[in-house]
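Comments concern the structure below.
Worth knowing before you read on, the calculation uses all heavy atoms, side chains too, and leaves out hydrogens, waters and symmetry mates.
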Amino acid sequence: MNEDPIIIIGAGPAGLMAAQQLATRGYQVHIYEKNKAAARKFLVAGHGGFNLTHSEQIENFVTQYDAAQIQKIVRHFDNNATVEWLSSIGIPTYVGSSGKIFPEKHIKPIQVLQAWLDHLNQLRVIINYEYSFVDFDANSVTLLHNKEVVRKSYRQLILALGGGSWKKTGSDASWIPILTNKKINITPLQAANSGYNTTNDLSDLEGQVLKNIQVAFNGTSKLGEIVFTTYGIEGSPLYYMNRYSRPYEFPITLHIDLKPNVSLDAILKQMQSGGNISSLLKNKLKLSSTAVALLKKLDKQTFTDPIALGQHIKNYPIQVSGLRPLDEVISTAGGIPFNELNKDLSLHKFPLVYCAGEMLDWEAPTGGYLLQACFSTGVWVATSISKNHPLTI
């Protein structure tokens with residue numbers, strides 16, 4: 001039996017999942033992480049509501065992903081499998097009103113991570129902290145630890161180094177030049193799950209929320225809620241719209257339907273019933289004060305014309321000038337394209353080197369889909385290694 005361990009670079013969700021799956025099968029696994037602790041981005045994601053996956057039926061679930069390859073991988077280890085896995089490490093879950101799946105309410109993100117790390121410790125997975133990834137070849141990986149260059153031989157190498165957002169968590173895409181130097185093509189990273197900068201100043205609405213609205217662009221629409229910020233607008237339907245708007249040259253115009261469950265004809269009927277316009281908006285159409293404040297930004301002629309105003313309620317234009325800077329966004333699109341990888345997620349040029357997680361070129365909206373794909377790719381890589389390189393006794 002080869003005495004070299006399987007080495008994993010990156011102690012995020014993809015790397016930890018690959019480690020667990022391999023260690024369960026009897027492999028010796030060593031993880032090298034550049035931070036002082038594991039899964040920092042995993043924990044930061046938990047600050048806004050720790051949804052680990054989504055309860056959506058798998059046929060609809062996989063349509064949230066932009067690439068056929070990642071859809072197949074998610075099917076292999078799906079949202080139900082994630083719930084079962086969480087239960088196996090002592091983390092019970094529940095389905096929220098939006099369909100998102102969370103740890104039970106008394107369980108904090110750090111407790112989920114600690115339960116996972118405890119399980120890995122029981123499986124004798126060794127995690128080495130403060131080791132930065134420097135380089136690799138067909139047999140070894142080069143790391144930097146305490147200013148000392150360290151070279152480690154591997155049985156197989158798994159790269160799970162993340163994307164390029166939230167650099168403070170260690171997700172800084174510093175791996176890109178290492179791979180490009182080896183003639184591995186990388187799709188440039190772009191902002192995903194990002195808010196939009198607006199052309200007009202909406203900062204007077206900062207912190208206010210538009211609920212139960214629909215965002216539309218170029219034939220694609222998404223229900224949800226948005227929040228106003230100092231620079232523009234944020235929210236899940238906007239994140240969803242990123243991939244559809246990104247190919248276009250900014251500025252572009254998004255359209256907001258403030259009453260998606262009410263037809264234009266019904267709105268126009270109410271608007272033409274007479275009376276004070278603000279009163280009609282609040283009392284007849286039940287628009288929120290935030291929606292009314294947004295409508296009041298229209299020019300006086302439009303705001304006082306019942307037909308024109310009714311049309312804007314269903315189709316309010318917001319011109320946006322671009323996405324937020326890469327480091328501010330929830331995730332990144334781009335990375336290692338699937339045509340640089342074999343079906344088992346090993347590199348064509350280095351068949352003993354596998355890649356997992358957000359460093360691959362796929363994208364999905366928030367709501368549990370991002371973490372699910374990281375879990376799924378970790379499982380896929382571990383399963384591939386166990387098939388391709390079985391343990392010998």
Side-chain angles (χ1 to χ4, degrees), residues 48-49 96-100 193-242 244-245 248 250-324 328 330 365-367:
S97 58
S98 63
K100 299 174 185 177
N193 290 298
S194 166
Y196 289 90
N197 300 316
T198 55
T199 304
N200 294 329
D201 182 7
L202 302 176
S203 60
D204 59 313
L205 298 175
E206 181 186 1
Q208 296 186 46
V209 180
L210 282 177
K211 296 185 177 182
N212 303 315
I213 54 89
Q214 181 171 268
V215 179
F217 173 74
N218 198 34
T220 300
S221 60
K222 187 68 173 177
L223 294 165
E225 63 181 54
I226 65 173
V227 61
F228 294 96
T229 68
T230 54
Y231 54 79
I233 45 178
E234 288 267 358
S236 59
L238 300 169
Y239 304 153
Y240 180 87
M241 211 59 63
N242 285 178
Y244 302 103
S245 64
Y248 293 84
F250 288 92
I252 61 171
T253 301
L254 304 176
H255 288 90
I256 312 297
D257 185 344
L258 298 171
K259 296 292 289 187
N261 295 324
V262 181
S263 70
L264 175 59
D265 286 344
I267 287 174
L268 292 178
K269 183 177 180 180
Q270 292 286 5
M271 293 304 299
Q272 292 175 295
S273 63
N276 177 270
I277 291 177
S278 294
S279 179
L280 287 173
L281 295 175
K282 293 178 181 178
N283 300 324
K284 294 286 188 179
L285 292 178
K286 306 297 183 184
L287 286 172
S288 67
S289 58
T290 303
V292 174
L294 183 65
L295 291 168
K296 285 183 175 179
K297 290 183 175 293
L298 296 167
D299 61 83
K300 184 177 180 180
Q301 182 177 353
T302 301
F303 188 79
T304 55
D305 181 334
I307 294 177
L309 184 57
Q311 290 170 337
H312 278 76
I313 291 169
K314 293 294 290 179
N315 203 37
Y316 190 98
I318 296 184
Q319 189 179 74
V320 294
S321 57
L323 298 168
R324 297 300 295 161
E328 290 184 22
I330 295 171
T366 57

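Atom CG of N218 and atom OH of Y244 lie 11.5 Å apart (nearest 0.5 Å). Rounded to the nearest 0.5 angstrom, S273 OG and L268 CG are separated by 11.0 Å. Summarising the geometry, atom CD belonging to Q272 is positioned 9.0 Å from atom CG belonging to D305; distances are rounded to the nearest 0.5 Å. Atom CD1 in I318 sits 4.5 Å away from atom CD1 in I256 (nearest 0.5 Å). In this structure, NZ in K284 is found 14.5 Å from CD1 in I277, a value given to the nearest 0.5 Å. Taken from NE2 in H255 to CG in N315, the straight-line distance is 4.5 Å, to the nearest 0.5 Å.
Between F217 and Y248, the two ring planes are perpendicular [angle over 60°; tilted spans 30° to 60°]. Taking the six-membered ring where tryptophan is involved, the planes of Y316 and H312 are perpendicular, since the angle between them exceeds 60° and thus also 30°.
The minimum heavy-atom distance between L280 and G274, with the atom names listed, is CD2-O, 3.5 Å. Residues M241 and L254 come closest through the heavy atom pair CG-CD2, 4.4 Å. Taking all atoms of both residues into account, the shortest heavy-atom contact from V262 to K314 is O-NZ, 2.7 Å. The two residues N197 and L323 have their closest heavy-atom pair at ND2-O, 3.4 Å. Scanning all heavy atoms of the two residues, the minimum distance from I213 to L258 falls at CG2-CA, 3.9 Å. Nearest approach of L223 to P237, heavy atoms of both residues: O-CB, 3.9 Å.
Y240 is not listed as a side-chain neighbour of V215, based on a closest heavy-atom distance of 4.5 Å or more. With contacts defined as side-chain heavy-atom distances shorter than 4.5 Å, the pair F228/L210 qualifies. Using a 4.5 Å heavy-atom threshold, the side chains of Q208 and L294 count as separate. In this structure, L309 and L281 have side chains that are in contact, with non-hydrogen atoms separated by less than 4.5 Å. The shortest side-chain heavy-atom distance between Q270 and I313 does not fall under the 4.5 Å cut-off. Using a 4.5 Å cut-off on side-chain heavy atoms (C-beta onward), N200 and K297 make no contact.
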From CA spacing to verdict: side chain to side chain contact (heavy atoms under 4.5 Å, CB included), V320, I233: CA-CA 9 Å; V320 294; I233 45 178; 4.2 Å; yes
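K259 places a side-chain N or O within donor-acceptor distance of the main-chain N or O of L285, the cut-off being under 3.5 Å. At distances below 3.5 Å, at least one donor-acceptor pair connects side-chain atoms of N242 with backbone N or O atoms of S194.
Shown here is N283, whose CG atom has more than 12 heavy atoms of other residues, nucleotides or ligands within 6.0 Å.
Side-chain contact of D201 with S203: a donor-acceptor pair under 3.5 Å is present, judged by distance alone.
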